[in-house]
Amino acid sequence: MSVLEMLNDKQLEAATQIEGPVLILAGAGSGKTRVLTNRTAYMIDECGISPWNILAITFTNKAAGEMRERIDRMVGHGSESIWVATFHSTCVRILRRHIDLLGYDNSFTIYDSDDSKALMKETLKRLQIDTKQYSEKGFLNRISNAKNELKTPEDEKKDAFGDFGDELYAKVYGEYQRSLKSNNALDFDDLIMKTVELFTGFPEVLDNYQERFKYIMVDEYQDTNTAQFELIRLLADKYKNICVVGDDDQSIYKFRGANIRNILDFEKVYPDAKVVKLEQNYRSTQNILDAANAVIANNKGRKDKALWTDKGEGEKITFVQVDTAYEEADLIVNSIRKDKRNGESDYRDNAVLYRTNAQSRILEEKFVMAGIPYAVVGGVNFYSRREIKDILAYLKTIDNARDDLAVKRILNVPKRGIGATTVGKINDFSLREDIDFYEGLKRCEEALGRGKASDKILSFVDMIQVFRSKVEYISIEDLVKEILDTIEYEQMLLLEDPDGAKDRIENIEEFMNKVIAFEKQTDEKASLSEFLEEVALVADIDNVDPDADKVMLMTLHSAKGLEFPKVFLSGMEDGLFPGFMSIYGDDPTELEEERRLCYVGITRAMNKLTITASRSRMVRGETQYNNVSRFIKEIPPMLFSGRVELERKPSPTYGVERSYGGGGDYSRYGTASGTGIPARPVATSQNKARAAAAKPFIASAISLQKGASIGGGTPDYKVGDRVKHIKFGEGVVTSLKDGGRDWEVTVDFDTAGTKKMFAGFAKLVKLC
DNA sequence: CACAGGTCTCTTTTT
DNA sequence: GAGACCTGTG
């Protein structure tokens, strides 16, 4: 029988349209992975297409792995020749074969963002640019954006039109690229851009891959950036068999260069595209979908669609606002514990989602106290922990002698008495001689003369050489063990910080496990370069183990593509979610992006959605007072259980738990009360007043944050006045109204057009 | 050269 | 609150 019998009409339509461009608009939970796998099986089984000619691209290894697994199960024999991979690993595989055409060595290393940062720091130092005035992060951001738009340093120089800042940036970009190249390294964005360069510069290489990938599928298409779009366009240009799947409502990676126009304008680029909408949702209850639909309806310029389900209304949504982030965490912990005790749900059925990684800390604290197993996805990436980076730097040094950054990192780890002065001298010497830093180390006697310093360096070099000589015939596992033994790394950690050493040593053990797993999965002897490459391209989400019975804690971004029976959306507060910048910044599309993020969050829930907000929260060491998120207001009240509670809920009552010392005792929130949060009665009456206000949610809370410039009283200008803005120049005030928290002022600028902004932030100066 | 202690900056979100 | 960075001391 056909492979397609499990599909609904629309899914069937999408799965059987094989030739030509296809756009599948797949709403949240509409079974797109099922469509993609069935489509693949259909291509092979029914259309006689060779698996060899199929390319499926995803964004994360996890998604790629899942798709691979499902295709394997469905297709069986031959499925291993289908190329299923992420954008980045696809590019790495291609570049490993051909990058020599672009003047790089095929054994290039991949720099993560920490590496990029370190390299940028060096670059700026070399160019003698004051990092107080120009932050390295600023340059890195611009460079990343440029690469996502396929712009070279030369392009940027041309676009600078003599502007000093822009010229400087173009120069830094060029210098940064030179450094990368001399380290034989590529950063994340280079992986895509260099592949495009390869294809445009060497048509015969492109043709080779066009012939191979006659049928292309791209998942999460709404998250592609211009470079990725171009990559796909080039590959598909010959046969035009390109099928993209995505949901414009789930486009949440603009900050990473994702261009929502790629999906919105697909039909313009491919006028003969077949478009299929998948609107039946198999995941969530009607109540949850209604909430999601209601929120996203406030965005403009979306592809028209409405999710529906035959699952029934389901449970109402719960919303609770509490006073502190600690109470919020308690509430979540208690709810999870209760359901577990009642046998209603396992820990793994729960996910707690939040906007920023920093929010996980308090949640973790409470989960530990309650003894509930949990897993945090993301935050500090496993591979960017210091101990792991140290080991990796050893491996990189052994693998690629040209990676100066790695060499410098470990030269004095553990301490060998080789300090900054010595490094500086070797560095200068290497630059003068135009050799790699490691080469400079080898010839240190020429730079430093004979002496203690040179002896220390040479014994380091000898050690590395010994490791190198062994790489060929021992496993990576043994190599790592030998490194750790030789440098007595664990002893160093213990000596350095006896308290923190335990965690770090555990991390090293986990790293060893990953090494072993990697070597097991690769049949022949796994090469060190391959291992380093895999490590460089893992995302946090790739490491989640769905079988462990743990509550999942993660950001909304990490949650995309996942589903859970019970979801907690925490920290739903204006200023946090939507974030401060999206509310008060001058780019209105940012608020829409936040709203899409909210939509993603809501649609993760299958059966039960609980939304929480706190009235106060520590942000960057200071207490902030936030109103309930405007997105909550967009959800119809009838979808909530009972009245939407704005007043303080009674504290959750605990069983007799040693760690809590009884319920509702605020004094234990030492940090919070110590920094000047009003005591409970004050907060309560304040909030009652707020709840009674005409505009319940936007109410009158004025940020008590030190130095906050919002809500700073009435502006000294009025409608008709001429004012000056720091960025937009001069203009005339056309409207001025009370926006609740701050004055909303509209200005018709002479050159910049009409802008609406908040007075506290616009810092308008009245002109006489 | 190493380390301790102080100051400053910063946050979205991630391959 | 954490991490990066700077400065002074041994």
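Residue numbering restarts at 1 for every chain, and letters A, B, ... go by the order of the sequence lines.
Using a 4.0 Å heavy-atom distance criterion, A/A536 is classed as making no nucleic acid contact. Using a 4.0 Å heavy-atom distance criterion, A/N412 is classed as a sugar-phosphate-only contact. If you check every strand for non-hydrogen atoms under 4.0 Å, A/K121 touches sugar and phosphate atoms only. Within the nucleic acid shown, A/G417 comes within 4.0 Å of sugar-phosphate atoms alone, with no base atom in reach, counting heavy atoms only. Residue A/K254 is out of contact with every strand shown, counting any heavy-atom pair closer than 4.0 Å. Within 4.0 Å (heavy atoms only), A/T421 reaches sugar-phosphate atoms of the nucleic acid but no base atom. Nucleic acid contact class of A/F59 (heavy atoms, under 4.0 Å, all strands): sugar-phosphate only. Contact annotation for A/E594: base contact, defined as any heavy-atom pair under 4.0 Å involving a base atom.
Straight-line distance from the CZ atom of A/R386 to the C1' atom of C/dA2: 15 Å, rounded to whole Å. The distance from atom CD1 of A/I426 to atom P of B/dC1 is 11 Å, rounded to the nearest whole Å. When the P atom of B/dT12 is taken as reference, atom OH of A/Y253 falls 16 Å away, rounded to whole Å. Distance, A/L576 CG to B/dC10 P: 19 Å, rounded to whole Å. Rounded to whole angstrom, the span from the CZ atom of A/F577 across to the P atom of B/dT12 amounts to 15 Å. Atom CZ in A/R93 sits roughly 20 Å away from atom P in B/dT15 (whole-Å rounding). Distance A/M492 CE to B/dA2 P: 13 Å, rounded to the nearest Å. Rounding to whole angstrom units, CG of residue A/N225 and P of B/dT14 are separated by 17 Å.
OP1 or OP2 of B/dT14 has at least one side-chain nitrogen or oxygen of A/N357 nearer than 4.0 Å. The side chain of A/T555 places an N or O atom within less than 4.0 Å of a non-bridging phosphate oxygen (OP1 or OP2) of B/dT14. Phosphate proximity of B/dT14 to A/S558: present, with a side-chain N or O under 4.0 Å from OP1 or OP2.
Comparing B/dT12, B/dT14, C/dA4 against the side chain of A/R256 picks out B/dT14 as the nearest. The nucleotide whose nearest atom lies closest to any side-chain atom of A/R620 is, among B/dT15, B/dT14, C/dG1, C/dG1. With distances taken from any side-chain atom of A/H88 to the nucleotides B/dT15, B/dT14, B/dT11, the minimum falls on B/dT15. Counting only heavy atoms from C-beta on, A/E590 has its side chain closest to B/dT12 among B/dT12, B/dA2, B/dT14. Ranking B/dT13, C/dG1, B/dC10 by closeness to the A/K137 side chain, first place goes to B/dC10.
For the pair A/K452/A/S454, no side-chain contact is recorded, criterion being any heavy-atom separation below 4.5 Å from C-beta on. Within the 4.5 Å cutoff, the side chain of A/R604 has no heavy atoms near those of the A/M554 side chain. In this structure, the side chains of A/E220 and A/T60 stay at 4.5 Å or more apart for every pair of heavy atoms. A 4.5 Å side-chain heavy-atom check between A/L198 and A/I99 finds every atom pair outside the cut-off.
Each of A/K456 and A/V538 was matched to the nucleotide of DNA chain B holding its nearest heavy atom; the match closer to the 5' end belongs to A/K456. Comparing A/S582 and A/T422 against DNA chain B, the residue whose closest nucleotide sits nearer the 5' end is A/T422.
Side-chain N/O atoms of A/R355 and base N/O atoms of B/dT13 include a donor-acceptor pair closer than 3.5 Å.
Here A/F255 does not count as stacked on B/dT12, because the ring centres are not under 5.5 angstrom apart with planes under 30°.
Ring centroids of A/F577 and A/F631 are separated by less than 6.0 Å, placing the two rings close together. Between A/F59 and A/F87, the gap from one ring centroid to the other is short of 6.0 Å.
Nucleotides B/dT13 and C/dA4 are separated by 16 Å at their P atoms, to the nearest Å.
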Walk me through it: do A/H557 and A/Y354 pass the test ring-ring contact (aromatic ring centres under 6.0 Å, His included)?
CA-CA 9 Å; A/H557 283 88; A/Y354 37 78; over 10 Å; no
